[in-house]
Amino acid sequence: MAGNGLERMPSIDAQLRAIAPKKVSDDDKLVEYDALLLDRFLDILQDLHGSHMRKAVQDCYQLSAGYEGNRDLEKLDELGKVLTSLDAGESIVIAKAFSNMLNLANLAEEVQIAYRRRNKQKRGGDFADEAHATTESDIEETFKRLVGEMGKTPEEIFESLKNQTVDLVLTAHPTQAVRRSLLQKHGRIRNCLTQLNAEDVTPDEKFELDEALHREIHASFRTDEIRRDPPTPQDEMRAGMSYFHETIWNGVPKFLRRVDTALKNIGINERVPYNTPLIQFSSWMGGDRDGNPRVTPEVTRDVCLLARMMAANLYFSQIEDLMFELSMWRCSEELSVCADKLLRASRRDAKHFIEFWKRLPINEPYRVILGDVRDKLYNTRERSRQLLANGRSEYPEETTFTDVNQLLEPLELCYRSLCACGDRPIADGSLLDFLRQVSTFGLSLVRLDIRQESERHTDVLDAITKYLDIGSYKEWPEEQRQEWLLSQLSGKRPLFGDDLPKTEEISDVLDTFHVIAELPSDNFGAYIISMATSPSDVLAVELLQRSCRVKNPLRVAPLFEKLADLEAAPAAVARLFSIDWYSKQINGRQEVMIGYSDSGKDAGRLSAAWELYKAQEELVKVAKQYGVKLTMFHGRGGTVGRGGGPTHLAILSQPPDTVDGSLRVTVQGEVIEQLFGEEVLCFRALQRFTAATLEHGMHPPISPKPEWRALMDEMAVVATKEYRSVVFQEPRFVEYFRSATPELEYGRMNIGSRPAKRKPSGGIESLRAIPWIFAWTQTRFHLPVWLGFGDAIKSVIKKDEKNLQMLKDMYNEWPFFRVTIDLVEMVFAKGDPGIAALYDKLLVSKELQPFGERLRSQYIETQNLILQVAGHRDILEGDPYLRQRLNLRDPYITVLSVSQAYTLKHIRDPSFDKSKKPPAPMSKTSSTEFLKLNPTSEYAPGLEDTLILTMKGIAAGMQNTG
């Protein structure tokens, strides 16, 4: 489709097919999909920027593919020469082109996975030799496995399911590198590709779809990938809430219908009750103020009202369809009486007696009931809108829905009436879906968690005790703090008055509690205390809620993150449960959050994973001892370094009894798009979480043998020591880290409202886990994930050679250990020490380069030891499909990595390569038009945009940012 008359260069697709690994099965269409999208893209590139840019892309790809074939480092140098010979505008085009090609490769991958699943379902079989068989189980497969292989009865499954809850907590952590407008275009490309390969597509439809595909790829390339300003917390919230409108809102009732079908297929002829909270949704967007000064009390109020307005609007948009559907006249006496009362009341009230009521015949009683619901939903939406806009509303509260039961009541009345009149099939249609939506989303769409650091509460209480002339709360020992807090909680006097001296920080904390007190309680979920260490941290929040007149206090969940805090967590929770006041307050239920990110940054992945495992075991023991139902809240990120990994395996590898039908887990940044970006993705995600939670509860994984525990304890000590000796004790590590990675430039991506550091000054300890992981992911070295593993394995084998066989047994028999090893192996598949060496060569001082060489030697040694434990000869030997997909992406990522390394060199050393030619003159196909997008950059023209585009492209290729 090149329309400029220039001679068309050969496409990449021939090379792509040549370097692609042998197809794993005949129905594998990944290479075909990838080649189709790339061919379309290269035509567009040539149309817009000329055949010379197409050739430049082709040359870069060839050199990169040559490097990937045998890790020939000379090819990286040749590639570097090609990239540094480009002018500023051309460099941006190359970075933008390869970033786009990686996004297209990801879309091809998603369509291929969906194609394979459809074929599998048609055949009625499993993924034969595919590793995904253990990670992609749907709800029906899980039911059948529980009955057939695990001896559970259908009735037991139904009872467990009805008592199960999975709460998915969407966070705004800055890990979504792709702009929302591009994500929407990607969705349309995905849909076009899917329809193009449908069996029943006609030639005309195929032509039109091909045109649409070309148009969407063109639009994606012409869209600026770079956010020019950081998003506000409200922007993040709107982006997060858009997934509800697009996929989650309708995805939940569709999923629940599939659960009904799966139950029927094992002999249960009942539906899941509409008020069974199988899936719940919460949010941190606008509530997570930990280290984010942009999340103010006003922001929290705004996002709550915005969510409430969106919920009412979603219900309102559906209620009229339901009114048209329920046109029948036969109804129960109960509903008839209620409809008559509504009609009489509306006729008495002239203001309310609108044309709708005049026209409504009495022989349509369901429409009378639902018409009243519609009016109140309208008022509810408008009240929230006006409160959001100017803080007051002309719609009185009594004309709106203020409690979810007020909305459920008339819907339940209609359902009962239909069933009583023999119309159960109608009741189980759209009305049941609506009831399930109301039960899932309530009036607030999502419940907002509030998160704040424990130290901020300590500062407030310290100001209060000083104001009361009773000393400094900060200086009190833990026992004294607890004693004073409990005395205040048991008393009735106000803790402080309006004359309390307040700093800006203290006002922020107290005003947040005032917002919680002001808004409806169903807007909120839990109050999360980050960096929690002791019982007083929890009691402090309870006291501040009471002092700020929060009528329905939020449940308080301590977040234990660092290794020492995780070790001390069971004792802290036991102390809380032993306090009579607190025991009565929680009414037999407690939530505890555990952090995967900061624990990994504190001690490395191996030690953190083991300590998290043990902490959960001990916390459950404590809860059982005191008769408390414990819900574990898992603060996972997207990457392995922050606790990420396949959902199914992550849940099934948790310790026995720690899920117990109740699970909360964060869904962060780019993972939100991966799970909910499309209807099919949303459906699969809901299945995975529900199926895995059910399976863990009904068929818990085995507990580790005593000798396995002993070996893990021994390995964790060695791993922690090695990790900390490098990250925290090596005097020049921070200098090396900041030289060898783009950590210093991370903030320029504008991918989140939250600062990269909790505190402006400080080293690694003050750096947030996301940029810490992000920086190492960009250089493909992934140091936080593997550092410590090799030394730990080597030390126990050296001590006793029999330990190698024990490690193999642990891998084959213990889900936790297998998942831990498999995820590290997957990270090695994404890594490349040759690329990391290039960053060192260009960016690290000669005195520090031997340090980098030593780390790369450890990398290779650790990789070999991991393979030895897993019994694999090659990386990803057990997952050929993932290996194929990674191999196809590698050449694109390598071009971006080399471009990034040289761009960083130009930025940090302006004297580097002074022969670099100036921008070419403007022309129709000139690439210098991109230089106009960022004219105020402090760097030389084009460098900042090139750098950011490489960051985004590598993140797309790694399918992770942080």
Side-chain angles (χ1 to χ4, degrees), residues 287-293 295-301 448-519 521 524 526-560 565 568 572-573 575-576 578-586 758-759:
D288 181 9
R289 57 228 324 115
D290 177 17
N292 190 350
V295 178
T296 63
E298 291 74 26
V299 165
T300 296
R301 181 180 178 277
L448 184 72
D449 283 358
I450 304 296
R451 185 170 78 135
Q452 183 59 278
E453 193 176 357
S454 59
E455 192 177 321
R456 296 291 298 276
H457 308 130
T458 301
D459 289 341
V460 173
L461 292 172
D462 190 65
I464 291 170
T465 57
K466 286 178 178 175
Y467 168 71
L468 296 174
D469 276 336
I470 57 174
S472 171
Y473 180 85
K474 276 187 179 180
E475 296 174 6
W476 292 349
E478 175 64 16
E479 286 302 318
Q480 186 178 354
R481 288 185 181 188
Q482 290 181 32
E483 184 182 348
W484 180 75
L485 290 167
L486 288 168
S487 70
Q488 297 301 312
L489 284 164
S490 300
K492 294 184 178 179
R493 288 187 307 171
L495 183 59
F496 59 88
D498 294 337
D499 55 345
L500 174 71
K502 302 171 190 172
T503 63
E504 188 177 335
E505 290 77 12
I506 289 172
S507 292
D508 182 79
V509 173
L510 293 176
D511 288 347
T512 299
F513 283 109
H514 289 138
V515 167
I516 296 170
E518 168 200 343
L519 294 172
S521 60
F524 299 102
Y527 194 109
I528 312 296
I529 310 168
S530 59
M531 296 298 174
T533 59
S534 56
S536 64
D537 291 329
V538 175
L539 297 174
V541 174
E542 295 283 9
L543 179 58
L544 290 172
Q545 288 196 87
R546 203 198 76 163
S547 301
C548 294
R549 296 179 177 80
V550 178
K551 292 179 183 176
N552 297 294
L554 278 60
R555 65 184 188 275
V556 182
L559 166 53
F560 300 105
D565 299 335
V573 171
R575 168 61 184 143
L576 280 170
S578 70
I579 297 170
D580 287 342
W581 182 91
Y582 190 77
S583 181
K584 291 175 185 174
Q585 177 77 359
I586 62 174
R758 280 190 169 90
K759 297 174 181 176

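Values in this document were obtained by computation on a predicted structure and should not be read as measured data. Position 1 is the first residue of the sequence, and the numbers go up from there.
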[atom2] on [Y] to [atom1] on [X], rounded to 0.5 Å:
{"X": "E453", "Y": "L559", "atom1": "CD", "atom2": "CG", "result": "10.5 Å"}
{"X": "W581", "Y": "L486", "atom1": "CH2", "atom2": "CG", "result": "7.5 Å"}
{"X": "S530", "Y": "R451", "atom1": "OG", "atom2": "CZ", "result": "5.0 Å"}
{"X": "T458", "Y": "M531", "atom1": "OG1", "atom2": "CE", "result": "13.5 Å"}
{"X": "S547", "Y": "L489", "atom1": "OG", "atom2": "CG", "result": "7.5 Å"}
{"X": "T300", "Y": "I450", "atom1": "OG1", "atom2": "CD1", "result": "4.5 Å"}

For residues [X] and [Y], determine if any side-chain heavy atom of one lies less than 4.5 Å from a side-chain heavy atom of the other.
{"X": "Y473", "Y": "I464", "result": "no"}
{"X": "L576", "Y": "L539", "result": "yes"}
{"X": "D288", "Y": "V295", "result": "no"}
{"X": "L461", "Y": "L485", "result": "yes"}

Looking only at heavy atoms, which two atoms of [X] and [Y] are closest? And how far apart?
{"X": "L448", "Y": "G287", "result": "CD1-N, 3.8 Å"}
{"X": "G471", "Y": "T465", "result": "O-OG1, 3.0 Å"}
{"X": "A517", "Y": "C548", "result": "CB-O, 3.6 Å"}

query: For Q452 and T512, what are the C-alpha separation, side-chain angles and deciding distance, and is it a side chain to side chain contact (heavy atoms under 4.5 Å, CB included)?
result: CA-CA 10 Å; Q452 183 59 278; T512 299; 5.8 Å; no

Going by side-chain contact (heavy atoms from CB on, under 4.5 Å), name the residues that satisfy it together with [X], two or more places apart in sequence or in a different chain.
{"X": "Q480", "result": "W476, P477"}
{"X": "A463", "result": "I506"}
{"X": "P553", "result": "Q545, Q585"}

message: Please determine whether side chain to side chain contact (heavy atoms under 4.5 Å, CB included) holds for the pair V550 and F524, giving the CA-CA distance in whole Å, both sets of side-chain angles, and the decisive distance to 0.1 Å.
response: CA-CA 12 Å; V550 178; F524 299 102; over 6 Å; no

field: ring pair (Phe, Tyr, Trp, His ring centres under 6.0 Å) against Y527, all qualifying residues, sequence neighbours excluded
entry: H457, F513

Quick one: side chain to side chain donor-acceptor pair (under 3.5 Å) partners of [X], sequence neighbours excluded?
{"X": "S583", "result": "none"}
{"X": "T296", "result": "E298"}
{"X": "E478", "result": "Q482, S534, S536"}

May I have all residue pairs that pass salt bridge (Lys or Arg N to Asp or Glu O under 4.0 Å) and include part of [range], sequence neighbours excluded?
{"range": "residues 458-471", "value": "D459-K474, D462-K466"}
{"range": "residues 480-497", "value": "none"}
{"range": "residues 530-554", "value": "none"}

task: Under the salt bridge (Lys or Arg N to Asp or Glu O under 4.0 Å) rule, collect the residues that match up with R456, sequence neighbours excluded.
output: D508

- prompt: Who pairs with D565 by salt bridge (Lys or Arg N to Asp or Glu O under 4.0 Å), at least two apart in sequence or on another chain?
  reply: none

